[in-house]
There are 2 protein chains.
Amino acid sequence: MGVMSREPQLTSRLGYLFKHAQQVLAEFTTPALAPFGLTGRDLAVLIVLDGLGPASQQEAAHGLGVDRTTMVALLDGLEAKGIVERRPAEEDRRRNVVQLTASGRQTFAAALAASDEAERAFIGTVMDEDRAAEFKERLRALVTQERARDQDPAG
Amino acid sequence: MGVMSREPQLTSRLGYLFKHAQQVLAEFTTPALAPFGLTGRDLAVLIVLDGLGPASQQEAAHGLGVDRTTMVALLDGLEAKGIVERRPAEEDRRRNVVQLTASGRQTFAAALAASDEAERAFIGTVMDEDRAAEFKERLRALVTQERARDQDPAG
DNA sequence: TATTGTTATACTCTATAACTATA
DNA sequence: TATAGTTATAGAGTATAACAATA
């Protein structure tokens, strides 16, 4: 549904703004990822796996911040697409070692670049690069509830 | 679940940041609204109703940006708490006129104030008021995909 | 006994389709 | 016929509980 004639008191509240920022961002990233057969959730899983290297499903789930039961279906989909592979860990056969396949790494790199470009398109028409960096830093600080470190030239 | 040791590549992406900004904000607003028996969703409905004045359920649904079938249960809850009332519209008995009750208006005012204070607590330890206003303006601009009008002294 | 992956189940949120009463 | 509210149903997304294999 569009955003026409929403109540102004509502549209100025932080909860509304965060929710709809997510939705509008998705309007940029979803079509950018579609050619790779990936969703934003898929890409998040791949970012986690790429950061971890070979890992168990439990570790992947923790890295993404979801339950291990939720990770099962996410990996089922990525495995069916040939992007990740699972095999029993030799030293503990209860575990699966999960990692990107060779072609999965290529798909991931291209999809990540496309998603980055979509994020830049989302933010680029609204503010310049300095302000975008400042905005993102303040957003990061809000999520961690740390004090924002704006204007730090040594990043 | 907490946020411990999430993958850094993931936690710097906009999608992740918006999602978790919502979650952390909710950690402030949810307990602030609980004494009034209201959720953030309830408060959003009340903000819409307050802005519209007496309105049909369809108009309320449109103002909130949900389907009319979704509005039914939201109003069921608020009506059971005595915060809103529904009555058939005299000039068209297919419609319900929905409005806040007298005590509902008091609850709403107090809950809105509590939610506002929770938002200030969420943002206040992270940045000063000027930066918070700047941040909110950029967030608003991202949602509407307009150019941000920062530093405009005439608001 | 405890842990990993899996499955079954349930819960939340939301939408579409169908029903009712009115118009 | 069309519309407002309602109900039934379904889908996405997630979690908890229970199960099989392994430790």
Side-chain angles (χ1 to χ4, degrees), chain A residues 1-3 6 15-16 18-20 22-23 26-27 29-30 33-34 38-45 48-49 52 54-80 84-99, chain B residues 1-3 6 15-16 18-20 22-23 26 30 33-34 38-45 48-49 52 54-80 84-99:
Chain A
M1 187 180 287
V3 76
R6 202 76 85 250
Y16 175 93
F18 285 140
K19 176 179 177 179
H20 287 260
Q22 255 192 289
Q23 291 180 345
E27 289 169 16
T29 56
T30 299
L33 290 173
L38 296 177
T39 65
R41 200 90 186 111
D42 289 329
L43 186 66
V45 174
V48 168
L49 290 176
L52 290 175
S56 72
Q57 295 188 193
Q58 186 117 254
E59 291 164 337
H62 179 250
L64 186 60
V66 300
D67 194 85
R68 69 191 206 268
T69 61
T70 300
M71 183 56 61
V72 175
L74 291 170
L75 292 177
D76 285 348
L78 290 169
E79 192 176 41
V84 306
E85 58 188 5
R86 295 191 261 208
R87 55 180 171 76
E90 287 168 8
E91 74 288 1
D92 181 350
R93 300 216 312 290
R94 292 173 302 182
R95 293 175 174 243
N96 276 344
V97 174
V98 185
Q99 55 188 343
Chain B
M1 185 180 290
V3 77
R6 202 77 83 251
Y16 175 92
F18 285 139
K19 176 179 177 178
H20 288 260
Q22 255 192 291
Q23 291 180 343
T30 298
L33 290 173
L38 296 177
T39 65
R41 199 91 186 111
D42 289 330
L43 186 66
V45 173
V48 168
L49 290 175
L52 289 175
S56 72
Q57 295 188 194
Q58 187 117 248
E59 291 164 337
H62 180 250
L64 186 61
V66 299
D67 194 85
R68 69 192 209 268
T69 61
T70 301
M71 182 56 61
V72 174
L74 292 169
L75 292 177
D76 284 350
L78 291 169
E79 190 176 41
V84 305
E85 57 188 4
R86 296 191 259 207
R87 55 180 170 75
E90 286 170 8
E91 74 288 1
D92 179 352
R93 301 215 314 288
R94 292 173 303 184
R95 291 174 174 244
N96 277 343
V97 174
V98 185
Q99 55 188 342

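Pairing each heavy atom of Pro54(B) with each of Val97(B), the nearest pair is CB-CG1, 3.8 Å. The shortest non-hydrogen separation linking Val84(A) to Leu75(A) is CG2-O, 4.2 Å.
The side-chain hydrogen bond (donor to acceptor under 3.5 Å, both in side chains) test applied to Thr39(B) returns Asp42(B), not counting sequence neighbours. Listed by chain and number, the residues in a side-chain hydrogen bond (donor to acceptor under 3.5 Å, both in side chains) with Thr70(B) amount to none (sequence neighbours excluded). When the salt bridge (Lys or Arg N to Asp or Glu O under 4.0 Å) test is applied to Asp76(A), the partners found at least two apart in sequence or on another chain are Arg86(A). In this view, Arg94(A) and Asp92(A) satisfy the side-chain hydrogen bond (donor to acceptor under 3.5 Å, both in side chains) rule, not counting sequence neighbours.
As a whole-Å value, the separation of Gln22(B) CD from dC13(C) C1' is 13 Å. For the pair Arg93(B) CZ and dA2(D) P, the interatomic distance rounds to 22 Å; values are reported in whole Å. Rounded to whole angstrom, the span from the CG atom of Leu74(A) across to the P atom of dA15(D) amounts to 10 Å. Rounded to whole Å, the distance from NE2 on His62(B) to P on dG5(D) is 14 Å. Rounded to whole angstrom, the span from the CG atom of Asp92(A) across to the P atom of dT3(C) amounts to 12 Å. Atom CG in Leu64(B) sits about 13 Å away from atom C1' in dC13(C), given to the nearest Å. Rounded to an integer number of Å, the gap from CD of Gln23(A) to C1' of dT14(C) is 12 Å.
The CZ atom of Arg68(B) lies 14.0 Å from the NE2 atom of His62(B); values are rounded to the nearest 0.5 Å. Atom CG of Asp67(A) is separated from atom CD of Gln58(A) by 8.5 Å, given to the nearest 0.5 angstrom.
The rotation axes computed at either terminus of the helix from dT1(C)-dA23(D) to dA23(C)-dT1(D) lie 30° apart, taking five pairs at each end and rounding to 10 degrees.
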Under 4.0 Å protein heavy-atom contacts per nucleotide of nucleotides 5-10 of chain C, with B for base, S for backbone only and - for none: BBB---

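Proximity of Glu79(B) to Val98(B): side-chain heavy atoms (C-beta onward) are nowhere separated by under 4.5 Å.
Projected onto DNA chain D by closest heavy-atom contact, Glu90(A) and Thr70(A) fall at different nucleotides, the more 5' of which corresponds to Thr70(A).
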